[in-house]
Amino acid sequence: MKAPTLPNMRHATLRQMKVFEAIARHLSFTRAAEELYLTQPTVSMQIKQLADTVGMPLFEQIGKRIHLTEAGQELYAASREIFDCLERFEMNIANRKGLKTGRLRLAVTTSAKYLTPRALGAFCKLYPDVDIALKVTNQERVLERMIENMDDLYILGQPPEHLDVVAQPFMQNPLVVIAARDHPLAGRKRISLQRIAEEPFIMREPGSGTRTTALRLFDKHHITLKERMELGSNEAVKQAVAAGLGIAVLSRHTLILEGEHGPLTVLDVQGFPIVRNWYAVYPAGKQLSVVTQAFLDFLRDEAVRITPDFCGIPAAHVRHAKKKSAR
Ligand code: PGA
């Protein structure tokens with residue numbers, strides 16, 4: 001009597017597996033042949049060869065219907081795994097191809113320009129061939145660009161309420177009160193908002209998200225600020241504050257390169273820091289490019305790595321923590 005031989009699946013071809021998978025899915029030779037644009041005899045031949053390799057029948061016919069044998073069921077599960085795996089591989093390769101030649105156009109607010117290069121630096125290490133175009137302007141102008149669909153993605157401190165957008169928070173954005181290091185209020189504890197309001201303020205220009213947020217807090221407490229000067233950039237504001245012209249509210253991120261002994265200090269004021277988030281935003285319905293999606297995923301997954309120490313827990317992780325505790 002002939003001894004049973006072990007199946008050697010290395011002799012099976014991908015084409016045979018594809019035909020088998022289609023028949024098993026449809027439980028029909030005819031529909032599999034149609035799907036694969038093959039003739040019925042070709043399909044039957046492929047399955048006969050595969051069954052010979054396995055050394056057992058893969059289908060059985062009961063009445064008019066075909067069924068998977070036990071061996072067939074196992075092979076079907078294996079074929080799904082093989083094709084899922086190949087599909088993932090294909091997607092990864094497509095991503096790589098897209099990323100290699102990809103371009104990422106970002107528009108960010110002037111305050112976000114302090115953290116964006118940090119994120120881009122880490123991102124470009126992973127994807128060195130991505131071209132980056134970075135537009136830095138204030139919140140109002142970033143929103144105008146969003147309406148005109150001029151960029152792939154926008155980073156700002158407050159998602160617009162009047163636009164239909166998708167907003168992904170990824171990092172905290174504390175707004176603080178800054179003063180010259182030798183300012184009389186430096187080092188004082190829990191300074192009241194009323195006391196702060198006696199100082200001359202250096203303000204960002206109208207259209208700035210920082211300005212809007214700071215004014216909202218003081219308005220809420222019915223406090224009017226003494227605005228000494230209005231300047232169109234965070235750097236100009238910092239210079240004016242360092243020169244002793246007044247104090248200012250800025251994102252803590254704007255001080256990232258100042259160091260411990262620089263000319264500026266953060267005042268301990270009640271109600272501060274105003275903790276906001278940084279958001280990566282795009283218009284709802286926008287088809288994201290492969291590169292843009294990769295950058296969004298990167299911001300979500302790598303927030304911990306790019307978050308400066310002063311921010312504490314990155315926004316993305318605050319969000320996850322909330323989701324978990326809600327269950
Ligand atoms: P801006 O940025 O003050 O430079 O507009 C802050 C923000 O995005 O809210």
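Numbering of ligands and ligand atoms starts at 1, following listing order.
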Output the list of atoms in ligand 1 that are nearer than 4.0 Å to some heavy atom of [X], sorted by atom number.
X	value
R204	1 (P), 3 (O), 4 (O)
Q139	5 (O), 9 (O)
L156	8 (O)

Looking only at protein heavy atoms, which one is nearest to [atom], and how far off is it?
atom	result
atom 7 (C) of ligand 1	G157 N, 3.5 Å
atom 4 (O) of ligand 1	T110 OG1, 2.3 Å
atom 6 (C) of ligand 1	T210 OG1, 3.5 Å

Quiz item: Under 3.5 Å, is there a donor-acceptor pair between the side chain of R276 and the main chain of G157?
Solution: yes
Quiz item: Closest heavy-atom contact between I66 and S28?
Solution: CD1-N, 3.9 Å
Quiz item: Where is the tightest heavy-atom contact between R103 and A133, given as atom of each residue plus distance?
Solution: NH2-CB, 3.7 Å
Quiz item: Distance only, no hydrogens: is a donor on one side chain within 3.5 Å (strictly under) of an acceptor on the other, for E199 and H183?
Solution: yes
Quiz item: What do you reckon, is CD of E70 surrounded by more than 12 foreign heavy atoms closer than 6.0 Å?
Solution: no
Quiz item: More than 12 non-hydrogen atoms from neighbouring residues, nucleotides or ligands closer than 6.0 Å to CE on M9, yes or no?
Solution: yes
If you measure every N or O of [X] against every N or O of ligand 1, does any of those distances drop under 3.5 Å?
X	answer
T137	no
S111	yes
S208	yes
G207	no
Q158	no

Exercise. Take every heavy atom of R276, measure it against each atom of ligand 1, and state whether any distance is under 4.0 Å.
Key: yes
Quiz item: Looking at R105, Q293, K286, which hits side chain to side chain donor-acceptor pair (under 3.5 Å) with D152?
Solution: R105
Quiz prompt | Salt bridge flag under 4.0 Å for residues R216 and D219 | solution = no
